[in-house]
> 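Input: one structure, supplied below.
Just so you know, these numbers come straight off a predicted model, no measurement behind them. Chain identifiers are assigned alphabetically (A, B, ...) following the order of the sequence lines, protein sequences preceding nucleic acid strands; residue numbering begins at 1 within each chain.
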Amino acid sequence: MIVKLLSGDTPRSKILGAILLMILVALALAPFLFPGIRSVDTAARICVFILLVASYDLMLGYGGIVSFAHTMFFGMGAYGVALASTHMGRGYDALIVGAVAGAVLAAVVAFLIGLFSLRVRAIFFAMITLAVASAVAVLVSQLSGLTGGEDGLNYQIPRELTPAFKFGGEVMGVKLNGKLLNYYLVFGGSLILFLVLLRIVNSPFGRVLQAIRENDFRAESVGYRVVNYRTAATCISAAVAALAGSLYAIWLRYVGPDTVLSFEIMVDILLMVVIGGMGTMYGAVIGATVLVVAQNYLQELMEVASNSVEGVPLLPQLLDADRWLLWLGILFILSVYFFPTGVVGRLRAGK
Amino acid sequence: MSAAPKHAPTMAKMSFADKIGPWLPMLLVPAIMVLGLASIPSMSSWLTLTVSGLAMGMMIFIMASGMTLVFGLMDVINFGHGVFISVGAFVGVSVLMVLASMTEAPSLVLNLLAVLLAIIAAAIATGGLGWAFEKVIVKPVYGAHLKQILVTMGGLIVVEQLIVVLWGPEEIYILRPQALQGAITFAGAALEKYRLVAVAVGLVLFLGMRYVLRSTKIGLIVRAGVENGEMVEALGYRLRLVFVGVFVAGSALAGLGGVMWGLYQEVITAHMGQQMMILIFIVVIIGGLGSVEGCFIGALLVGLLQNYIAFIEPKAALISNIALMVAILMWRPQGMIPVVKAK
Amino acid sequence: DIKIAHVYGKTGPFEAYAKQSHDGLMLGLEYATGGTMEINGEKIVVIEKDTQLKPDNGKALLAEAYGDDEVDLAVGPVSSGVALAMLPVAEEYEKILIVEPAVADSITGENWNRYIFRTGRNSSQDAVANAIALGGENVKIATLAQDYAFGRDGVAAFKEALANTGAEIVSEEYVPTDTTDFTAAAERIFNAMKDVDGTKKLFVIWAGGGNPMSKIQAMDPSRFGIEMATGGNILAALAAYKQFPGMEGATYYFYENPKNEINDWLVKTHQERFGTPPDFFTAGGMAAGLAVVEAIKKAGGTDTEALITAMEGMEWDTPKGKMKFRAEDHQALQSMYHFKIKVEDGVDWAIPELVRELTIDDLPIPIRNGK
Amino acid sequence: MSRVILQTHDLTVRFGGHVAVDHVSCAFKTGELTAIVGPNGAGKTTYFNLISGQIPISEGRVELNGRDITRASVSQRCDLGIGRAFQLTNLFPNLTVLENVRLVIQQRAKLGFSFFSMADSHSEITDRALSVLDKVKLFSLKDQAVSALSHGNQRKLEVAMLIALDPAVYMFDEPTAGMSVDEAPVVLDLIAELKAEKDRTILLVEHKMDVIRTLADRIIVLHNGALAADGDPAEVMASDVVQEAYMGKELTDV
Amino acid sequence: MSDPILKLEGVYTDIAQYHILQGVDLEVPRGGVTMLLGRNGVGKTTTLRTVMGHWRAKTGKVLLDGQDITTLPTPQIARAGVGFVPENMGIFSDLTVEENMILAAVSGPIDPARLEWVFSAFPPLKTFWKGHAGNLSGGQKQMLSIARAMVEERRLYLIDEPTKGLAPAIISTMARALRELKEQGASILLVEQNFSVAKALGDSCVVMDDGRVVWSGEMAELATDAGLQERLMGLSMEAHQ
Ligand SMILES: Nc1ncnc2c1ncn2[C@@H]1O[C@H](COP(=O)(O)OP(=O)(O)OP(=O)(O)O)[C@@H](O)[C@H]1O
Ligand SMILES: Nc1ncnc2c1ncn2[C@@H]1O[C@H](COP(=O)(O)OP(=O)(O)OP(=O)(O)O)[C@@H](O)[C@H]1O
Ligand SMILES: [Mg+2]
Ligand SMILES: [Mg+2]
């Protein structure tokens, strides 16, 4: 049954299995295990990013397609929900319309980009996606009347999903309110879509993608229409990314270019995929968890470290919480160094 | 049975299009200039825009030249290239501040000497940094683009933060050396004097790089090494050494670019190089990977087009570079003068 | 204890501003409590949170501050985008957010809610002050701004304020934020102004990096009788103003300009502790710190409703002289400074010498929150 | 019964000025094994490339079953029944041997766009793949990554993939190059077996004369891109063209 | 006979976790052509790559002219006078034929006389001198690969299956070229599947099976002893002409 849910793609390493299980449990029970606004927020982000990164892995790890437009698709989903909620007023219909419209738009745009440019070399495809993504970012900033420009949009979502909605009292010291429901919406949505992705990469379609990644020329000559497969992968990936964006928008109740469209997020996604392990899907889980936690808590950790080395020359300066980026950078380098095939690849090899 | 065989392969006459094809990119720059002339009503405006556009192109070329070596020839995507530009600028500007007596003197010779010293210092610093970068960060990821993007991004963040630790988070404002301030005006057009320096440096660099790549085997070794390093070593070349050398050279060029750009902007920040990266990528890619000539033409095109479009239709300036890239890739998916086949 | 959260972009491109802002806040608290850091015997605790300039982080961190850390009120952030994302959180938790130094008009405009106060200036204040400084009969002005909402709003506000001064806008140029080459924009402006009569000025509204001023100056606008003009800036940026002796404009703060006790103390203390004079955001941060203490004293505690009542219409002293939270939109009304650039040898920056203090009464700042 | 299945009319390609295939018109019948010989660089591989669609045609036409496929893409031609193995080994290097063959059969079964079935659940495909591997004696290596195979075994896999594709027209480009003397017969026997099935059309580029002598029904000779001879093996082999330009002096005379 | 130019003593080589070479002992006499024969996958290529330093011997020694080169970096092995024609040809396909050859001439510009000699063996290289090597036909690539090794004088040539894909006419010119190399005093270690070429060229011969050398001796001995051939390589006369 579990194997079937995982589409036969088991973690294939005891340690990996254990880690994944831990993450799953932690996320499933996050509001109870780690009560507190910030930690639940972090958990929700992890869920969204797992999904986002997994959708990227479908394209990159399985299809070998390097795209820099993934945040654009993410943003389409997010803005879909935001705009629908702004214009249709608060309500579930707005969420659904926004999410579906976002996903469809993302798929269509992916289709168009794919049709145009998946024929060219990988690196040029990457550059074209970069170009399109930055053009869209410019567009969002320019159409400030519609999109709120640089400032983004704040909007309302159904009351049942906000902290203002209370039902019952407390369970284990956790207030039962709309925020909790919202969290489980994000968690459940991400989980289901992740399992769907897992199924897709283990289907015959997924195998073809891998073959194309390995040798597109040969794949074409045994009869696979490479462009069609790549385009399909890009579309699916884009649509799922958009759905991840919608979940994020529902969670945050805010969208803005820095939050869903920036190149920084694109880099985060890449990093998560690679740290976790490309072409494994489970890598997304590990990469997203590690990185989101690091981004959120590294600073606090360093605060402590910095205080403990006070008096030593230069060290406190380097360990200053404001220098957290420095250490994140070092973490980047070390992780690529020590996990050349990602954490998942490493764990599987050393089983 | 048909005729007895002859040994030479059959050759047909090449069509005109086939013959002219390789030369087309060279014609693009003048073509754009003529187009500009046709659509800009005022002659003096056209002159100003054209000359300063070409000079800006030179500056972009200077910054992109290191990237052409490293990305084009070695196939290493160094996202950290931008931070080398920043480091170059910081080192160069620090040197210039120390040499204030030389830069504030109204003597062109003294001023240029100061700039030269700043450039040398910056190139040494970034070259050294490049050496460390290659050893520590890049070496394990040759051939893996994605990992290159990531580790160099990591390196970028680290170095950027180190700049902040060393120089502080504030932007630093500087003035150009005395004799390089202001503009010269001619025929109703104005051209910043500093841009003339950029043109000179850019031309020297262009010719120098061409010379080195054409008259030594270095370019060949690197290109061959990217395809099949084992074989290059089996021929007897110490590929590692060459790779390190080229990477260091690319980094030093970034340092040079940093000084030039810092003096142009007259304000430097740790992010300044990073902000130029997209433009640099565009130039390297539309030029065709590995081609110094392509990079040069690409940079001039970008410089000119930016100016023309910003003048004719400012709104379109937002995406003019991107549109240029897309147009060129549609025309030639490998870039204008590809030396290396893109993966 | 009295808990205050300072939620701001400590790391990232605005790091320098952030540091000033925080130093200022702490100095303000110190001055207002006479160095005890206590109000009515209760200790003030300041919690710092780094948004990394990301709006989503700003939101989460502010929620954490209100919800988990249970702070009494919050101050911040640097960037307008982050601030706008944070506004609804204050409303949701029904706690006060003092915005400092984000400038977007909409913070105390359309996106405002009653829990939001702002000690920092808004874009209109900048625009109106500059309009007064530059305007006059027979003055012809061209503007150059970044092509996004901030730049366009700034020009619109400037234009609106200029209407009463007799000056006229003859050309508006917008260029992409990442522009590095201003030749084309300058050329367009020159062409537009070439044949205009009157006093010709080119007013530049520019936020962040890039430095159009000196690049346009290098193209010798005086050929066409055009003078450059722009608002004030932080000290580091004033170095670049050395090319413009005699240039006029209006600024938010320059440490030599305000003459009052608090500013004297600020300049002296800052010089002692940090070895430099205080800057833009130090003054702003301090004003926020002073406002916090004043408000808590006046309200007699940290109850939100009491604070709101106390703060609406509250007047208090800052390094910039008297400030006043306007009751309608909670924007702090304050003086601005009309300056003229003087270049002195041996000073690292150009000096924006005071021409005239534009007081609260001189500055008609529109109310934009529909109240 | 044999009929013309594949036909090229004045097939030509130019690279710059170099005419690599020069107006080659030729028809191939079912059940026939045609050997294509010619000096290195004569255009044999290029001729294959034109038929299978790997490079665009400058002039002329290709017809399959009377249908003009000149404009069809590589994968379309593959669907229509043209299959080929490559001269320079060209596989999916990081997948296993089995996966390489499975992919081919899966495409034959038109399963590529099945998103939600599990790939491993299609056991009939796996079984077929295994039987093909068995035929080329690669069964024991089925779980090896292709990149770890020796050169000779990679050549065998190349052949296996073509057999798995089971097209109407088989094009082998020097299938035994680099295969040791005891392995080559395995592949040659397979080709002979295919030929015995009568309805297959086989095109074979080979440099080894003994192979051609035993297998070919017909030989065509390409020289400098042009068709220099076409006909019965013994006759063509004995002709001056072939002897002089192709065979050179016998090795023993060196 | 004088001491051998190349000598492998008990070489074991692993690739990843596989033990590929399992104690190879082999000698290449000075100034002769030594054939290295064996079925597919027995480790011939691995042996050559171990000599070049592409794979490293786990135990055992590789001696070039008496000098231990087991752990020397590849470029130094090459510069010690070893020319290598790898199995996959190692063509730099982005480079032109000319550039491939320029690179192959490690010690300076190409000697024109020698180049003419190379051209006489492989005329197509002259024709496509300025063309991209990646566009050459299979056989032409093979020629280029051999030509690269021949363009400068070497003490020892390691050549892996040079005749695959070559038309008979070219095979005979190539064979002539190899003989001329030998006459110039070079030694050659040649892996070959084409037995008639082996017979015609080889002076001595080494046969491998399963990662070991199972027979070595004079080529003539093997060439005339059908039983031995059958036993060592599964070669039977009827499979061959
Ligand atoms: N893409 C290309 N661009 C330019 N020339 C090419 C290209 N492809 C092939 N050629 C040239 O066309 C000629 C024919 O090549 P082809 O590969 O068809 O030869 P072949 O008959 O298969 O030879 P071999 O027996 O050596 O494999 C060669 O001279 C080659 O250099
Ligand atoms: N990269 C590799 N990883 C794992 N095993 C390998 C690798 N390369 C080769 N092998 C294995 O090593 C053994 C010897 O290979 P090698 O290439 O030396 O054989 P060979 O004698 O040259 O055969 P051929 O005549 O087919 O070229 C083979 O069984 C092969 O599967
Ligand atoms: Mg061929
Ligand atoms: Mg071999």
> When rounded to the nearest 0.5 angstrom, what distance separates OG in Ser117(D) from CD1 in Ile200(A)?
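Reported to 0.5 Å precision, the distance equals 11.0 Å.
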> From Met161(D) CE over to Ser221(A) OG, what is the distance, rounded to the nearest 0.5 angstrom?
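Nearest 0.5 Å value for the CE-OG distance: 7.5 Å.
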> Flag yes if more than 12 heavy atoms outside Phe111(A) fall under 6.0 Å of its CZ atom; otherwise flag no.
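No.
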> Once rounded to the nearest 0.5 Å, what's the spacing between atom CD1 of Ile212(A) and atom CZ of Phe92(D)?
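Answer for the CD1-CZ pair, Ile212(A) versus Phe92(D), is 8.5 Å.
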> Taking only heavy atoms into account, what residues of residues 130-155 of chain D are found under 4.5 Å from chain A?
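Interface residues of residues 130-155 of chain D: none, nothing closer than 4.5 Å to chain A.
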> With chain D as the partner, which of Asn202(A), Asn215(A), Val208(A) has the greatest number of non-hydrogen pairs under 4.5 Å?
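Among Asn202(A), Asn215(A), Val208(A), the one with the most close pairs to chain D is Asn215(A).
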> Does a sphere of radius 6.0 Å around CG in Leu24(A) hold more than 12 heavy atoms from other residues, nucleotides or ligands, not counting ones at 6.0 Å or beyond?
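Yes, enclosed.
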> Is there a donor-acceptor contact under 3.5 Å from the side chain of Arg218(A) to the main chain of Leu91(D)?
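A pair under 3.5 Å: no.
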> Shorter than 4.5 Å, heavy atoms on both sides: which option in Val104(D), Leu95(D), Leu162(D), Leu165(D) has the most such pairs with chain A?
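Greatest number of close heavy-atom pairs with chain A: Leu95(D).
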> Could you grab the distance from atom CZ of Arg213(A) to atom CG of Asn94(D), nearest 0.5 Å is fine?
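Output value for this atom pair is 7.5 Å.
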> Is it the backbone or the side chain of Leu103(D) that comes under 4.5 Å from a heavy atom of chain A, or both, or neither?
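Answer is both: backbone and side chain atoms of Leu103(D) are under 4.5 Å from chain A.
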> Can you say whether Leu209(A) sits under 4.5 Å from chain D via the side chain, the backbone, both, or neither, judging by heavy atoms?
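The answer is neither part of Leu209(A).
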> Spell out the residues in residues 53-79 of chain D that have some non-hydrogen atom less than 4.5 Å away from a non-hydrogen atom of chain A, in order of number; otherwise answer 'none'.
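Those residues of residues 53-79 of chain D which have a heavy atom under 4.5 Å from chain A are Gln54(D), Ser73(D), Val74(D), Ser75(D), Gln76(D), Cys78(D), Asp79(D).
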> What about the rings of Phe217(A) and Phe86(D), do their centers lie closer together than 6.0 Å?
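Judged by ring-centre distance (under 6.0 Å), Phe217(A) and Phe86(D) do meet the cut-off.
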> Count the heavy-atom pairs under 4.5 Å between each of Leu111(D), Asn90(D), Asn100(D), Ile82(D) and chain A, then report the option with the highest count.
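Top option by heavy-atom pairs under 4.5 Å: Asn90(D).
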> Pair Tyr224(A), Gln106(D) - check side-chain contact (heavy atoms from CB on, under 4.5 Å), show working.
CA-CA 10 Å; Tyr224(A) 291 114; Gln106(D) 174 185 302; 3.7 Å; yes
> Determine whether the aromatic ring centres of residues Tyr229(A) and Phe113(D) are separated by less than 6.0 angstrom.
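Yes, close enough.
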> Which region of Ser52(D), side chain (C-beta onward) or backbone (N, CA, C, O), has a non-hydrogen atom less than 4.5 Å from a non-hydrogen atom of chain A, or is it both or neither?
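Neither part.
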